[in-house]
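Read through the structure below, which is laid out as structure tokens, and then see the notes.
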2 protein chains.
Amino acid sequence: VTVSELGEHPLLARILARLPRPGAHLLVGPGDDAAVIATGRNERLVVTTDTLIEHVHFSRTWSQPADIGHKALAVNLSDLAAMGAIPSWALLSLALPGDLPVVEVEALVDGFAATARAAGVSVAGGNITRSPGPLMIDVTAAGDVASRKWLTRGGGCPGDELWVSGHLGGARAALEMWQAGEAADEGCALRQRRPEPRIRLGHVMARTKTARAGMDLSDGLADAVRQLAEASGCGARVEAAQVPIEPGAEAWWRRHDADPVDAAVRGGEDYELLFAVPARRGGRLRHVRRQVAHPVLTRIGVLTRDPAIWLERDGRRTPWPEGFAHFGA
Amino acid sequence: VTVSELGEHPLLARILARLPRPGAHLLVGPGDDAAVIATGRNERLVVTTDTLIEHVHFSRTWSQPADIGHKALAVNLSDLAAMGAIPSWALLSLALPGDLPVVEVEALVDGFAATARAAGVSVAGGNITRSPGPLMIDVTAAGDVASRKWLTRGGGCPGDELWVSGHLGGARAALEMWQAGEAADEGCALRQRRPEPRIRLGHVMARTKTARAGMDLSDGLADAVRQLAEASGCGARVEAAQVPIEPGAEAWWRRHDADPVDAAVRGGEDYELLFAVPARRGGRLRHVRRQVAHPVLTRIGVLTRDPAIWLERDGRRTPWPEGFAHFGA
């Protein structure tokens, strides 16, 4: 059996089963958006790592080096945001093809550095090595969170409302436009090239204990709802009519007779956040929405005791779409 | 100008110049074996990241998957050892070719996990992604060190003795043997496949303040002496006759009319440690050597006020060999 044949989630499960039993300082271990480690009596470090690989996660045809540098850090900051952490430092590993122009490396580092500076992130170290194949950027990012003030995927309960930030599907639609040889809608192109980690939103939702569970939408809403519901031991019901879709993406899919809700729900790389919020915390949620005006928050559904996950369309239950599969299995 | 034409060290200098000004919590920033970060009043976190790439750092012809998994963690633990830190946790990122058999991934993870377990390292997280090219393993490792009890490359002073652990050149000689189509000497093959991070030695040398500077020999002694001397604002004199050479490697090079000292000094991937020890700390050093019997420590030279670096052979000064160049520039 090969990696492609098995597929990402089963492979991940097999890997997790082989790791050593974690030490007591590991408060949240592998399998969530990031890990939480006790580094002192009250200090909690949140750490995550994510890799961007040319031809898999980006193309130098469609993204400038500065965009790639930005995105390599942003996708990690998004994982920290999903846990409610404030980013603090990062490590940058570059595997570079020998024939890559140095000016492109510099532009990539500039994009990374600008995003680090804006987020108050120190670049603590890293390494460079030669790649015999594609350009690769591996980033580790760490942040701080107060004791017990973090969010995991597994904290949700039946009856909790599902809220999602921003508008979905733009990043996927931009790729489709480029692959069709068209100029991408500007909003969609920005979502693909310059995703914005929702650091403040994640932090406030966690610190105020408004949300009970959270995760980011790196692999799309279809994947995120499934993961959050499963980790919380729940099912879910999502209202198709409530899913907030990026306007340029919706227009694109309508023009091509594709179902915008299905496409937006399956599309990855949005880097918005999904939260489970107890229904009686409406007051806290209004307070959060006053404090964090951007991005918008939309209620899309509810966690259920029934373990199934449904997409409701005009009062009819339809099967929840499958998520984005990295290994194409 | 391409990455290959510029070469590793100048490229690294250009990248470092573009990073944001580090925050006050970054006690040791980029450019050393690892970074030191203040995570609380007295907590110090030491972090490092290193990548192994197929066809650059290993070959699946010469190394078993379990060896590759071991080495991916060991090279990072070696960086922590060079700083005097006790390893605590690690993150594992895998970029996997789609046609890779799952059993090989499992064996690789088993090798990684066994080394983690032996070193008391928790695997806090990581990620898997598809690689359109070579197999890649990116690891971040973190450890703890007491306040002000770490070693950097830059702490040495003129007159400090240079001490190196173990025997050098085995890892390079094993590659040469395999490339010549021969079975490798067992000792050399072990050095290439199963480098042992010198965790206890690095920790005791730092904690007892026996050494004033230290670094690991990932890129060979030629590179390490140059980096430690330059970072310390010194030159160095190394006695050729004192360089400890792996016996199987020495025999191999003699058989092929190569100069064993030159080859052992240039050879990378030994993962031994180099220290600068003030001459008057001989008593502390004897104490360390009693506490840590393995690996052996050998005095090979001295840091000098004169900024040049010399290899002394039979009382004659010869130029210090150039280090190992990742980009082949």
Side-chain angles (χ1 to χ4, degrees), chain A residues 1-4 6 8 11-12 14-15 18-20 22-23 25-26 29-30 34-35 37 39-40 43 45 47-51 53 55-56 88-89 91 93 95-96 98-102 105-106 109-110 113 116-117 122-134 136 138 140 326-327, chain B residues 1-4 6 8 11-12 14-15 18-20 22-23 25-26 29-30 34-35 37 39-40 43 45 47-51 53 55-56 88-89 91 93 95-96 98-102 105-106 109-110 113 116-117 122-134 136 138 140 326-327:
Chain A
V1 187
T2 68
V3 157
S4 287
L6 185 62
E8 185 183 0
L11 181 61
L12 196 58
R14 289 212 199 175
I15 289 174
R18 307 180 98 85
L19 298 180
H25 59 300
L26 198 61
I37 299 164
T39 55
E43 284 75 32
L45 190 74
V47 289
T48 187
T49 183
D50 222 336
T51 310
I53 302 184
H55 310 307
V56 179
S88 168
W89 53 266
L91 303 170
S93 278
L96 304 169
D99 62 358
L100 189 69
V102 170
V105 180
E106 291 178 323
V109 171
D110 286 346
R117 217 172 267 120
S122 293
V123 183
N127 73 87
I128 53 171
T129 187
R130 183 168 66 80
S131 168
M136 281 170 308
D138 192 278
T140 292
H326 282 288
F327 289 98
Chain B
V1 187
T2 67
V3 158
S4 287
L6 185 63
E8 186 184 0
L11 182 61
L12 196 58
R14 289 212 198 174
I15 290 174
R18 307 180 96 87
L19 298 181
H25 59 301
L26 198 60
I37 299 164
T39 55
E43 284 76 32
L45 190 74
V47 289
T48 187
T49 183
D50 222 336
T51 310
I53 302 184
H55 309 308
V56 178
S88 169
W89 52 266
L91 303 170
S93 277
L96 303 169
D99 62 358
L100 189 69
V102 170
V105 180
E106 293 179 322
V109 171
D110 286 346
R117 216 173 268 119
S122 293
V123 184
N127 72 87
I128 53 172
T129 187
R130 182 169 66 80
S131 167
M136 280 167 310
D138 192 278
T140 292
H326 282 290
F327 289 98

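Numbers restart at 1 for each chain; the letters A, B, ... are given by sequence-line order, proteins then strands.
Across B/E106, B/M136, B/R117, the residue that shares the most heavy-atom pairs under 4.5 angstrom with chain A is B/E106. Here A/A113 is the residue among A/G29, A/A113, A/P22, A/A116 with the most heavy-atom pairs under 4.5 Å with chain B. Ranked by heavy-atom pairs shorter than 4.5 Å toward chain A, the options B/G126, B/A124, B/G125, B/S93 are led by B/A124. Interface summary for chain B: among A/G133, A/P134, A/P132, the most heavy-atom pairs under 4.5 angstrom belong to A/P132. Note on A/T48, A/L45, A/V1, A/V105: by heavy-atom pairs under 4.5 Å with chain B, the leading option is A/V1.
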Item to check | Verdict with supporting geometry, B/L96 and A/L11, side-chain contact (heavy atoms from CB on, under 4.5 Å) | outcome: CA-CA 11 Å; B/L96 303 169; A/L11 181 61; 3.7 Å; yes
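What you find for B/R130 and A/V56 is that their closest heavy atoms are O-CG2, 3.6 Å. For A/N127 against B/T49, the heavy-atom pair with the smallest separation is ND2-O, 3.0 Å.
Atom OG1 of residue B/T129 and atom CD of residue A/E8 lie 7.0 Å apart, to the nearest 0.5 angstrom.
Heavy-atom distances place the side chain of B/L26, and not its backbone, under 4.5 Å from chain A. The contact between B/I53 and chain A is made entirely by side chain atoms (from C-beta outward), counting heavy-atom distances below 4.5 Å. With a 4.5 Å cut-off on non-hydrogen atoms, B/I37 touches chain A through its side chain but not through its backbone.
Each of A/T140, A/D50, A/D138, A/L91 was checked for a side chain to side chain contact (heavy atoms under 4.5 Å, CB included) with B/L91, and the lone residue meeting it is A/T140.
No donor-acceptor pair under 3.5 Å is formed between the side chain of A/S131 and the backbone N or O of A/A95.
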